[in-house]
Protein chains: 2
Amino acid sequence: MTVPKVTPIAKPPRAARKETLAEPASVAGELMMGELAQLLGYALKRAQLRVFEDFLQCVAPVQLTPAQFSVLLLLDNNPGRNQTEIAATLGILRPNFVAMLDALESRGLCQRTRSSNDRRSHILMLTDHGRATLMRAKKLVATRHEARLSELLGEDNRVALLAMLAKIAREF
Amino acid sequence: MTVPKVTPIAKPPRAARKETLAEPASVAGELMMGELAQLLGYALKRAQLRVFEDFLQCVAPVQLTPAQFSVLLLLDNNPGRNQTEIAATLGILRPNFVAMLDALESRGLCQRTRSSNDRRSHILMLTDHGRATLMRAKKLVATRHEARLSELLGEDNRVALLAMLAKIAREF
DNA sequence: TATTGTTATACTCTATAACTATA
DNA sequence: TATAGTTATAGAGTATAACAATA
């Protein structure tokens, strides 16, 4: 799969007129970011932290972290799967998934049921409350979070960004 | 600052011909990602993990983590700054920066010197070995890491991606 | 013998309070 | 009194080994 083509328009403004003396490495206030400003990994990390921070804030009314939201979403879209399958899909290690599920289940958002086919595995399902909470969360994410991102970048750019990130995760 | 305009070209391929029966939620192998596939935060996190993983691998010859690399870069571009300034610029909390510097200094990559102006603060500088190591690391990053990212996305897209990520970190 | 869920554990990151030495 | 560096500490997130129940 290819990524939407991008037409650069806004080149970095040519060196602002040097006022008086050639200025040294920095203005004693701002530090020089140097090559860091071109490092994709650095920009990626910074953006990710900011986006998660905003997500948390937007979804605060239903008290869900990004990770918890992703679990509920996956349970809703894949009812009847077991812990290993859900965890693996999200890149969560099975041992670490136990406490996560404990938290969600103790809040009455999802339910573990022993499978009758394979009595080793736990079938996972959202409860009604879990479904309702997820719906509320989805609306909050769409209207408060993603909408503002789309506004910031422009919808076409948001889609292109998503495509590039997915491509990196998949093919890099 | 605005972001380079993007012209989408590759829309998601229209629903592949449904072969026989309408297929259920999943094929019992692949899970349905559902709305997760559209969540920018999720894509951001996944891409960031992959990029850091690759960074680590590419820079393995000089044994630097992304965070350590960013510190050395900043020291090189801003000699004579103190711990508070460097840490704050990178979003590292001062208490957590102490152990990081201990590690770099014990490897002979940088040096703390008490400032003669303000004897509370430590002036930070790269050692010759630190500078040499940074140069090696920069070459590894450029030729092994960033070059492959540029190859994957296309250079124009890579630049557009960087601009959007920076914009999110700055303005979102 | 292999797999599912689990426990225990450890290591990294991140976050806060409080200490010391300077200012 | 405020600030720089530091210590201690606690909490997430992530990683591995090993166990009981089941296949």
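Predicted model, so just to flag it, every value in this text is computed and none were measured. Lettering of chains follows the sequences in order, A, B, ..., and the numbering in each one begins at 1.
- Between A:R81 atom CZ and C:dG5 atom P there is a gap of 12 Å when expressed in whole angstrom units.
- Note: CG (A:L49) to P (D:dA12) measures 17 Å, nearest angstrom.
- When each of A:L93 and A:S115 is assigned the nucleotide of DNA chain D with its nearest heavy atom, A:L93 is the one assigned upstream, toward the 5' end.
- You won't find any donor-acceptor pair under 3.5 Å spanning the side chain of A:R119 and the base of D:dT22, going by distance alone.
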* Walk me through it: do A:R50 and A:E53 pass the test salt bridge (charged side-chain N to carboxylate O under 4.0 Å, His left out)? => CA-CA 5 Å; A:R50 180 67 198 96; A:E53 184 180 54; 2.8 Å; yes
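- To the nearest angstrom, C1' of D:dT6 lies 14 Å from CG of B:N82.
- Distance, B:Q48 CD to D:dG13 P: 14 Å, rounded to whole Å.
- Of the residues in residues 95-107 of chain B, those with a non-hydrogen atom less than 4.0 angstrom from any atom of DNA chain D are B:P95, B:V98.
- Between the C1' atom of D:dT14 and the CG atom of B:L56 lies a distance of 14 Å, rounded to the nearest Å.
- Between B:R94 and C:dA17, a side-chain N or O to OP1/OP2 separation shorter than 4.0 Å is absent.
- To the nearest 0.5 angstrom, A:F55 atom CZ is 9.0 Å from A:L140 atom CG.
- Annotation: side chain of B:V51 is in contact with side chain of B:H145 (closest heavy-atom distance under 4.5 Å).
- Each of C:dT4, C:dA23, D:dA23 was ranked by its minimum atom distance to the side chain of A:D118; first place goes to D:dA23.
- B:S150 and B:E155 share a side-chain donor-acceptor pair at under 3.5 Å.
- Distance CD1 (B:I92) to P (C:dT16): 16 Å, rounded to an integer number of Å.
- In this structure, B:M33 is a member of the same hydrophobic cluster as A:L73, with clusters built from ILVMFWY side-chain heavy atoms closer than 4.5 Å.
- One can place CD1 of A:I86 at 15 Å from C1' of C:dG5, the figure rounded to the nearest angstrom.
- Side chain to side chain, B:R112 and B:Q83 meet the donor-acceptor criterion of an N or O pair below 3.5 Å.
- Spacing between atom CZ of B:R114 and atom C1' of C:dA21 amounts to 8 Å, rounded to whole angstrom units.
- Contact between the side-chain N/O atoms of A:S121 and the OP1/OP2 oxygens of C:dG5 is not found at any separation under 4.0 Å.
- Of the residues near DNA chain C, B:A67 and A:R120, the one whose nearest nucleotide (by heavy atom distance) lies more toward the 5' end is A:R120.
- Aromatic pair A:Y42/B:F69: centroids not less than 6.0 angstrom apart.
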